[in-house]
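Indexing begins at 1, ligand by ligand and atom by atom, following the structure's order. Numbers here are sequence positions counted from 1. The basis for the numbers below is simple: all heavy atoms, side chains too, and nothing from hydrogens, waters or symmetry mates.
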Amino acid sequence: MSLRTFPESLETGHPADTLRWAADTFGAAELVVTASFEDAVLVHVAATAVPGIDVVLLDTQYLFAETKWLVAELTKRLDLNLRVVHPLDHIQPDNLWQSDVEGCCNVRKVEPLQRSLQGKAAWVTGVRRVDGPTRANTPIASFDIGRNIVKINPLAGFSDDDMVLYAQLHELPANPLTERGYPSIGCWPCTRPVAPGEDRRGGRWAGNAKTECGLHG
Ligand code: SF4
């Protein structure tokens, strides 16, 4: 199989099937999942389909306490093989997010992501098409030319209802912020709750033209 063409059946399969296909195709040890722990679905799908799969949390130094709680809860419950990746040593908490969100995301997300992906053949993410216009055409699998790695988005076709149903079916804990109006959860300085009917990512970098952290676009 070319690294640039993928089976059409992935589009109609279950996310767990996508993970199993990825493990069969690239090898389980060649996969890395990056999870924001906005919810529990991605890590549950990945860790149950491919036990022991490498799961990365990018610790930006600005994670919500509620997100850290969910990380601990799921690590214990799913026996996650969790790798917490931090910014480089010289990056310490500062006020950069107030003046330069691009620069802050670059040193706290983009650079640590690059290190996280090193040596891996395929990168598994939780990106979904309903996240917003910039993600509406997200494929289940593609080749990320810029990062020179296969990018797999097993939840790309999942709606918000699908996420709720999956979480209910598997009795998964939720990020406590979800019921407080945070449908999309990133760093605390750059995330606010949204009003009913508002764009689900409208609370990210509110008041700024930025819509993506640089990991996915
Ligand atoms: S989301 Fe905000 S606080 Fe987090 S890395 Fe980006 S600019 Fe910094």
*asked:* Would you call the rings of Tyr182 and Phe64 parallel, tilted or perpendicular, taking 30° and 60° as the class edges?
replied: perpendicular
*asked:* Under 4.0 Å from a heavy atom of Cys190: which atoms of ligand 1 are those, numbered in the order shown and with their elements?
replied: 1 (S), 2 (Fe), 3 (S), 7 (S)
*Could you list which atoms of ligand 1 come closer than 4.0 Å to a heavy atom of Val101?*
7 (S)
*Would you mind checking if Lys120 and Asp54 are paired as a salt bridge, meaning a charged N to carboxylate O distance below 4.0 Å?*
yes
*List every atom of ligand 1 that sits less than 4.0 Å from any heavy atom of Lys109, numbering the atoms from 1 in the order shown and giving each element.*
1 (S)
*Would Cys104 count as a contact for atom 6 (Fe) of ligand 1, in the sense that one of its N, O or S atoms lies under 2.8 Å from it?*
no
*Is a side-chain N or O of Thr191 found less than 3.5 angstrom from the main chain of Gly186, in a donor-acceptor match?*
yes
_Only heavy atoms of Cys105, strictly under 4.0 Å: list the atoms of ligand 1 that pass._
1 (S), 5 (S), 6 (Fe), 7 (S)
*So does Asp59 pair up with Lys68, basic N to acidic O under 4.0 Å?*
no
*Per-atom contacts of ligand 1 with Tyr62, taking only distances under 4.0 Å to non-hydrogen atoms*: 3 (S)
*Relative to the heavy atoms of Arg108, which atoms of ligand 1 are at a distance of less than 4.0 Å?*
5 (S)
*So, the side chain of Gln61 versus the backbone of Ile91: is there a donor-acceptor pair under 3.5 Å, distance only?*
yes
*Would you say the side-chain atoms of Glu66 pair up with the backbone N or O of Leu63, donor to acceptor, closer than 3.5 Å?*
no
